[in-house]
Amino acid sequence: MTAAKTPVVVPSVLAADLSRLGEHLDAVKAAGCGWVSVDVMDGHFVPNLSFGPDFVRVAKARGFFVDAHLMVTNPLEVAPWFAEAGADLVTCHAEAVSDARAALIEIARLGVKPGLALKPKTPVEAVLPALDLAAMVLVMTVEPGFGGQKFMAEMASKISRLRREIDARGLDCWIQSDGGVNAATISTAAAAGADSLVAGSAVFGAPDCAAAFRDLTAKARAAFGSKQPS
Ligand code: DX5
């Protein structure tokens, strides 16, 4: 059994007011945030276009651990751009690669931690054969493409299944819940076993993003793993 990780709230740049991105990042950093997520969308894999590698550079310049969530049809082609920009962890979607193990190995070869993401309809079995190679499994708790959507509580069972599998195999692998995570839903995700909780609207959409970050962190840590068999 690996030592349980302390749950972390990971603000998503997607929800930030880009005209005040530096101010937002400085505020959450001052509140203790160490990890932010950059959602990369190509208009094909998801019906939206978002950020390039420069947004990783902006966050890295402020000392964050940065994960790049590649919602693109060609993740292995663009992964080097985000590694070169300084991303610490690069996540590709299981639905966008033909061989999850080979994809994780290829991403790791870039010198970054490799992650695998699952859309809501993709079963956890899609990642199990590659779980030993993953630094993180991202469980989408909304349909990918846009922030501000409703949390899909039915994804809690997928998170719990992953938590049991990772703990039983003693793997050092984050479980990230991404989408619709807010003050009302974060306890569900953390209780199921998610230890990385992406929150965009709930942090950067809040009047005081530092206070929102602190509140979400406290809720996540209070609830973590409470729905798991001891
Ligand atoms: C969806 C994105 C969002 C974003 C978080 O593709 O991945 O989940 O990171 O958005 P909120 O927290 O606003 O739902």
Side-chain angles (χ1 to χ4, degrees), residues 5-43 46 48-72 78 81-91 112-113 115 117 136 138-151 174 176-187 189-190 194-222:
K5 297 178 187 293
T6 303
V8 291
V9 172
V10 180
S12 162
V13 169
L14 188 70
D17 172 351
L18 296 185
S19 69
R20 299 169 56 210
L21 181 57
E23 184 188 322
H24 276 184
L25 291 174
D26 292 343
V28 293
K29 189 156 172 59
C33 176
W35 177 354
V36 296
S37 181
V38 175
D39 286 309
V40 181
M41 302 177 186
D42 66 357
V46 291
N48 196 0
L49 273 172
S50 63
F51 306 122
D54 285 347
F55 287 83
V56 169
R57 291 190 178 90
V58 168
K60 287 305 293 178
R62 281 171 165 79
F64 287 98
F65 179 95
V66 181
D67 83 62
H69 173 194
L70 304 184
M71 289 166 272
V72 301
V78 308
W81 308 346
F82 289 87
E84 191 276 326
D88 300 279
L89 192 156
V90 173
T91 304
V112 300
K113 296 179 184 301
M136 182 169 84
L138 185 162
V139 176
M140 287 301 311
T141 39
V142 296
E143 280 303 326
F146 297 90
Q149 299 180 78
K150 186 175 179 305
F151 180 82
W174 292 97
Q176 187 172 74
S177 174
D178 179 8
V181 174
N182 57 39
T185 62
I186 194 165
S187 299
D195 45 14
S196 171
L197 299 121
V198 173
S201 313
V203 173
F204 291 133
D208 179 342
C209 56
F213 173 81
R214 282 191 293 267
D215 175 57
L216 289 168
T217 300
K219 285 182 166 67
R221 291 184 179 175

As a test of understanding, state which of Val56, Val58, Asp67, Leu25 forms a side-chain contact (heavy atoms from CB on, under 4.5 Å) with Val36. Leu25
Donor-acceptor contact below 3.5 Å, side chain Gln176 vs main chain Met136: no
Which atoms form the tightest heavy-atom contact between Ala31 and Arg214, and what is the distance? CB-NH1, 3.5 Å
Using a 3.5 Å distance criterion without hydrogens, assess whether the side chain of Asn182 forms a donor-acceptor pair with backbone atoms of Ala202. no
Residue pair Ala117 / His69: nearest heavy atoms and the distance that separates them: CB-NE2, 4.2 Å
Let's go through Met140 and Val142 carefully: what are the C-alpha distance in whole Å and the side-chain angles of both, what is the deciding distance for side-chain contact (heavy atoms from CB on, under 4.5 Å) to 0.1 Å, and is it a yes or a no? CA-CA 5 Å; Met140 287 301 311; Val142 296; 3.8 Å; yes
Do the side chains of His24 and Val13 get nearer than 4.5 Å, heavy atoms only? no
Without swapping roles, check the side chain of Ser12 against the backbone of Gly200 for a donor-acceptor pair under 3.5 Å. no
State whether the side chain of Thr91 and the backbone N or O of Leu138 hold a donor-acceptor pair below 3.5 Å, judged by distance alone. no
Mind checking the CG-CG spacing from Leu49 to Asp42? Nearest 0.5 Å is all I need. 7.5 Å
Between Pro144 and Met71, which heavy-atom pair has the shortest distance, and what is it? CB-SD, 3.7 Å
Phe82 and Val112, any side-chain heavy atoms less than 4.5 Å apart: no
How far apart are the closest heavy atoms of Val46 and Gly145, and which atoms are they? CB-CA, 3.9 Å
Of the non-hydrogen atoms in Ser177 and Phe151, which two are nearest, and what is the gap between them? OG-CE1, 3.8 Å
If you take all heavy atoms of Ala220 and Ala190, which pair is closest and at what distance? O-CB, 3.5 Å
Only residue of Val203, Leu14, Val9, Val10 satisfying side-chain contact (heavy atoms from CB on, under 4.5 Å) with Val198 is Val10
Could you tell me whether Arg57 and Glu84 make a salt bridge, using a distance below 4.0 angstrom between a side-chain N and a carboxylate O? yes
Can you tell me how far apart CG (Leu89) and OG (Ser37) are? Round to the nearest 0.5 Å. 9.0 Å
Less than 4.5 Å apart, any side-chain heavy atom of Lys150 and any of Thr141? no
Using the rule side-chain contact (heavy atoms from CB on, under 4.5 Å), only one of Asp39, Val40, Leu18, Val66 pairs with Phe55; which is it? Leu18
Geometric class of the Trp35/Phe65 ring pair [parallel <30°, tilted 30-60°, perpendicular >60°]: perpendicular
Do the side chains of Pro11 and Cys33 get nearer than 4.5 Å, heavy atoms only? yes
Quick test of your reading of the model: are Asp88 and Lys113 salt-bridged, counting only N-O distances below 4.0 Å? no
Any chance you could lay out the side-chain contact (heavy atoms from CB on, under 4.5 Å) test for Trp174 and Val8, step after step, and finish with the verdict? CA-CA 10 Å; Trp174 292 97; Val8 291; 3.9 Å; yes
Pro7 side chain reached by Leu197 side chain, heavy atoms, under 4.5 Å: yes
